[in-house]
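Reminder, nothing fancy here: chain letters follow the sequence lines and each chain counts from 1.
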There are 2 protein chains.
Amino acid sequence: MLRKAGLRPTRQRMALAELLYGRGHRHISAETLHDEATLGRVPVSLATIYNALHQFTEAGLLREVAVDGTKTYFDTNLGEHHHFFVEGDNEVIDIPDGAIGVGAMPEPPPGYEISRVDVIVRLRRLKA
Amino acid sequence: MLRKAGLRPTRQRMALAELLYGRGHRHISAETLHDEATLGRVPVSLATIYNALHQFTEAGLLREVAVDGTKTYFDTNLGEHHHFFVEGDNEVIDIPDGAIGVGAMPEPPPGYEISRVDVIVRLRRLKA
DNA sequence: ATTTGTGCAAATCGTTTGCATCTGA
DNA sequence: TCAGATGCAAACGATTTGCACAAAT
């Protein structure tokens with residue numbers, strides 16, 4: 001998988017790939033991934049985590065999700081879909097495919113093309 | 001206007017309000033506003049800029065636009081609308097009202113309510 | 001052997017905070 | 001007068017970078 005993406009399968013990258021793709025889709029931040037790697041007896045430096053996340057993203061293995069807050073999240077789900085974002089908890093949740101539909105697409109300004117459309121449904125926790 | 005929002009009309013806040021609302025709608029970052037204020041012979045400290053932007057936002061005079069995580073943009077357009085975001089230039093552009101429509105709204109997970117829906121259409125500059 | 005990746009620590013960026021000083025009602 | 005606002009500089013958290021060392025082809 002890494003080889004196919006043009007990335008050398010190093011010990012660290014393989015361990016990270018395992019964490020990322022080992023069990024279903026995930027939304028993960030650099031910090032979280034670093035913690036998981038460290039706990040999972042594969043100490044990887046933070047710099048390497050960032051390198052890997054960006055390389056994976058460039059290689060099309062991950063997708064960056066810009067929600068809010070100061071953190072960057074990476075999504076292992078590459079399919080067309082959108083996100084819930086829980087304000088306060090900074091939690092990202094997939095919106096089931098088809099549960100939301102973007103209607104008419106606006107015409108991009110001249111000289112530009114649409115690269116992607118992101119829909120973020122912000123959630124607030126109900127009191128009581 | 002400031003008074004109505006429960007904010008003391010100080011010299012700085014009035015100058016910033018003038019810059020923000022003086023000529024049409026704007027998408028502005030703290031840094032940009034700071035530069036404008038400084039150039040406009042009203043030196044305001046960066047800390048005060050941040051204070052003002054957040055207070056204006058809380059008072060409902062501004063809206064925070066989360067596009068790319070690294071920088072925070074504030075929008076003087078309070079109406080229902082969405083945004084184009086030019087990758088690379090980090091430029092935010094309003095999508096004309098009605099040019100985009102969000103269809104079926106997903107059911108929020110139990111215990112949560114929808115606070116807002118943001119649509120961001122990411123643009124890439126056409127080469128050539 | 002050569003290229004590429006890794007780790008560490010220092011550096012950067014946007015933003016926030018503590019605190020002493022000022023200012024508007 | 002005096003609560004509230006401002007400015008400065010230091011503190012911050014997330015991310016990036018420079019460079020010596022290690023590992024993959």
For the student: nearest non-hydrogen atoms of A:Tyr112 and B:Val86, plus distance
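Residues A:Tyr112 and B:Val86, closest heavy atoms: CE2-CG1, 3.6 Å.
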Decide if atom CE of B:Met14 counts as having more than 12 heavy atoms of other residues, nucleotides or ligands within a radius under 6.0 Å.
no
Any [X] side-chain nitrogen or oxygen under 4.0 Å from OP1 or OP2 of [N]:
X	N	result
B:Tyr50	C:dT15	yes
A:His54	D:dT15	no
A:Thr72	D:dT15	yes
A:Gln12	D:dA23	no
A:Thr48	C:dG7	yes

Test of ring centre spacing under 6.0 Å for B:His25 and B:His27:
no
Can you tell me how far [atom2] of [N] sits from [atom1] of [X], to the nearest Å?
X	N	atom1	atom2	value
A:Arg8	C:dT2	CZ	P	14 Å
A:Gln55	D:dT16	CD	C1'	13 Å
A:Asn51	D:dG18	CG	P	12 Å
B:Leu46	D:dC8	CG	P	11 Å
A:His34	D:dT15	NE2	P	13 Å
B:Ile49	D:dT6	CD1	C1'	12 Å
A:Leu53	C:dT6	CG	P	12 Å
A:Arg11	C:dT6	CZ	P	10 Å

Kindly point out which of C:dA25, D:dT25, D:dC8 is positioned nearest to the side chain of B:Ser45?
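Closest nucleotide to the B:Ser45 side chain: D:dC8.
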Where the side chain of A:Ala47 is defined as all heavy atoms beyond and including C-beta, which of C:dT15, D:dT15, D:dT17 is the nearest nucleotide?
D:dT17
Intermediate values then yes/no, side-chain hydrogen bond (donor to acceptor under 3.5 Å, both in side chains), A:Asp75 and A:His83:
CA-CA 10 Å; A:Asp75 190 346; A:His83 298 102; 2.8 Å; yes
Let me see the working for A:Lys127 and B:Glu113 under salt bridge (charged side-chain N to carboxylate O under 4.0 Å, His left out), right down to the final yes or no.
CA-CA 10 Å; A:Lys127 36 195 155 220; B:Glu113 63 179 334; over 6 Å; no
Of A:Arg13 and B:Thr10, whose closest DNA chain C nucleotide lies nearer the 5' terminus?
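Closest to the 5' end, via its nearest nucleotide, is A:Arg13.
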